[in-house]
Amino acid sequence: MFRIPPPDAEGKPDLAAFEAGTTYADHFLHPFLQALDMLGVRPRLVYNHEAYAEGRYVEHVRTALKERNRVREIIESISGRELADAWWPYSPVDERGCMDGLTVTGFDDTHVHWSAEDGRSGSCDYTKGEGKLPWRLDWPAKWCWLDVTCEAFGKDHGTTGGSYDTGAELCRLFGSEPPQGLTYEWISLRGQGAMSSSAGTTVGPIEALQLVPPEILRYLIASTKPAKAIEFDTGMGLVNLADAYERLLRHDLEAKLEDEELSRRKRVAIEDDISATRLSSVEERSVRPGAVGVTFRHLAMLAQIRSSNDEVWGMIPNEGVDRTEFDARLDRMRHWIASHHFPDEMRVGIREEPNSERLANLTAEEENLRKALIANFEQSQEEGWTEANLSANVPDAAREVDLPLREAYRLTYELLLGVDVAPKLAPLLAAMEPSRVLRLMRGV
RNA sequence: GGGCCUGUAGCUUAGCCAGGUAGAGCGUCGGGCUUUUAACCCGAUGGUCGCGGGUUCGAACCCCGUCGGGCCCGCCA
């Protein structure tokens, strides 16, 4: 894959890009590595084509060739499939760089001999990487020379008789103990396909990271058992996920653990939460992750009522908050809000017309409250339509007519927005035209 | 055809490998909170553990079967 050109927008070979040094492998690897970087994963990369060229696989290739029958027996007995008579545990590459249609005819200490369908024949030097092991052998050989102790893989490899099972036995044939295996289920984007590193596109994770803070994406994975399928919900599920994560961060989990009265079950649950939050952190840091002055949910509202980042910045307790990180967060939020993923129930919508249905059914108390509110709003209009002036309007009116605060807010929301629960009212009011607020309150 | 994973409260799920009174968060409902970060605090509500058998003093857990969802059985990586 490092020797062929990348696909262009239409999926055809892009020779111009290839000339410039981008390969087919780069094309798919780049966005994947970019996603890893955003998630705080800093891998050490080992390029397989280089490893072959450097001779890392020589011993394994030689063993596989010499033990051809044993290798065949392992694969056939464990996977239950039958290999063709002409099968060899090595895939030679011809002088044109092609692997198709070549039949192995023999081997010696350094070369594998082959013949092609069209009558050509040749030899390739396996100490120089002029060919490779088939995947089922390549994987365990890699475990050996890299001393892999734990290998996680998708469920497609984890089934009985799958490539991990055959690999484990082949690994022993190569002289090493196989790594601890860990099978994980797949992650899918709700309504879309799987997010997979090998099944083609890496658009999934990249797209997800344009909407979600990386620590929340990490939390999604860290808080789910590997064998459980994750359906990543980019709508309301994301808000709930962020809520759950931020709620965990607010609690001092370590202190809770010191309670001697805890049942074993509860203790384990808290320990799991500690692990999940620790694994969710993108960077090693002394400050708890997510300490950015504003919750995901609240930011979703602020981003909708203020279009300038500076204004939003001024609306949160921003002491000690990194401005760059905050802007990145806010930009992601705006991107999400602008996308089709953003749930309608999170959209802050001001009524176009008065809620005449509700206005016609006010109790006497509610009517009193409405009048008091109108008076307060009119006063604010004269003294200055600012958040500071507006914030006392509802509590003052509620006290005046002796109505519980919650109900006063509920009624105000119903008249202005048409829903009975909404974000903090004052900033919302401040962002509205006074005449519009009064019209909706008066109902004319 | 053979095999692997999965199904627990309205939602997200822990517990299953090593059987011992089904736990949690969200939601909902009630209460608290003299400015609401869709916040916070307190309380309550809610489960035939997919279904049917079996083993056991005792089964969400072990065994057999069955239904639903996903996957594997490539000279692909």
Side-chain angles (χ1 to χ4, degrees), chain A residues 1 25 28 48 75-76 78-84 86-92 99-104 132-139 142 154-166 183-186 188 194 197-200 220 223-231 233 236-237 239-241 243-248 250-251 263-266 268-270 272-273 293-302 315-317 345-346 348 387-388 390-400 402 404-406 408-410 412-413 417 419-428:
Chain A
M1 292 195 291
F28 291 103
N48 218 25
I75 293 178
E76 288 189 334
I78 295 180
S79 79
R81 75 182 163 98
E82 264 186 43
L83 298 171
W87 183 84
W88 279 80
Y90 192 77
S91 305
M99 272 166 54
D100 285 338
L102 303 187
T103 306
V104 175
K132 58 188 293 305
L133 290 163
W135 159 248
R136 275 193 189 252
L137 286 95
D138 179 275
W139 204 23
K142 207 174 294 177
K155 62 175 173 177
D156 47 341
H157 300 301
T159 192
T160 312
S163 46
Y164 175 76
D165 265 11
T166 54
T183 308
Y184 57 81
E185 249 283 1
W186 296 347
S188 60
S197 59
S198 68
L220 173 68
S223 61
T224 311
K225 287 179 303 184
K228 200 110 178 169
I230 296 176
E231 205 174 275
D233 179 353
M236 219 37 220
V239 182
N240 294 332
L241 182 70
D243 275 349
Y245 176 66
E246 286 163 348
R247 202 178 310 116
L248 270 188
R250 277 198 300 272
H251 294 146
S263 65
R264 198 181 69 86
R265 187 195 293 263
K266 258 203 152 91
V268 170
I270 294 170
D272 284 353
D273 283 343
V294 61
T295 62
F296 188 77
R297 199 183 260 277
H298 188 46
L299 189 63
M301 193 273 293
L302 296 179
M315 292 168 83
I316 64 160
E345 61 182 290
M346 289 290 291
V348 177
E387 191 179 323
L390 288 162
S391 63
N393 284 353
V394 174
D396 283 349
R399 213 170 305 139
E400 195 179 322
D402 203 24
L405 191 58
R406 177 187 297 210
Y409 272 110
R410 183 170 299 180
T412 315
Y413 284 129
L417 310 174
V419 295
D420 58 9
V421 181
K424 193 174 180 178
L425 191 59
L428 206 57

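Every chain is numbered from 1 and lettered A, B, ... according to where its sequence line falls, protein lines coming before strand lines. Just so it is clear, the values below take in all heavy atoms, side chains as well, and ignore hydrogens, waters and symmetry mates.
If you check every strand for non-hydrogen atoms under 4.0 Å, A/Ser391 touches a base. Using a 4.0 Å heavy-atom cutoff across all strands shown, A/Lys142 reaches no nucleic acid atom at all. Across all strands, A/Lys225 comes closer than 4.0 Å to base atoms (heavy-atom distances). Within 4.0 Å (heavy atoms only), A/Ala227 reaches sugar-phosphate atoms of the nucleic acid but no base atom.
Comparing the same atom, C1', in B/A39 and in B/G7 gives a spacing of 35 Å after rounding to whole Å. Separation of the P atoms belonging to B/A9 and B/U48 is 9 Å when rounded to the nearest angstrom. Comparing the P positions of B/A24 and B/G47 gives an interatomic distance of 14 Å, to the nearest angstrom. Comparing the C1' positions of B/G2 and B/C17 gives a spacing of 24 Å, expressed to the nearest Å. If you take atom C1' in B/U45 and the same atom in B/G25, they sit 15 Å apart, rounded to whole Å. B/C64 and B/U21 have their C1' atoms separated by 28 Å, given to the nearest Å.
Of the candidates B/A77, B/C71, B/A38, the closest approach to any side-chain atom of A/Met346 belongs to B/A38. Listed candidates were B/U37, B/G25, B/C72. Nearest to the side chain of A/Thr295 is B/U37.
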With side-chain contact (heavy atoms from CB on, under 4.5 Å) as the test, would you mind laying out the steps for A/Glu185 and A/Ile230 before giving the verdict?
CA-CA 7 Å; A/Glu185 249 283 1; A/Ile230 296 176; over 6 Å; no
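Both A/Lys155 and A/Gly158 lie near RNA chain B, and the one whose nearest nucleotide falls closer to the 5' end is A/Gly158. Ranked by how close their nearest RNA chain B nucleotide is to the 5' end, A/Trp87 and A/Thr160 are led by A/Thr160.
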Both atom distances under 3.5 Å, Watson-Crick or G-U wobble: I'd like the secondary structure of RNA chain B as a dot-bracket string, with | for pairs made across strands.
(((((((..((((......[..)))).(((((.......))))).....(((((..]....))))))))))))....
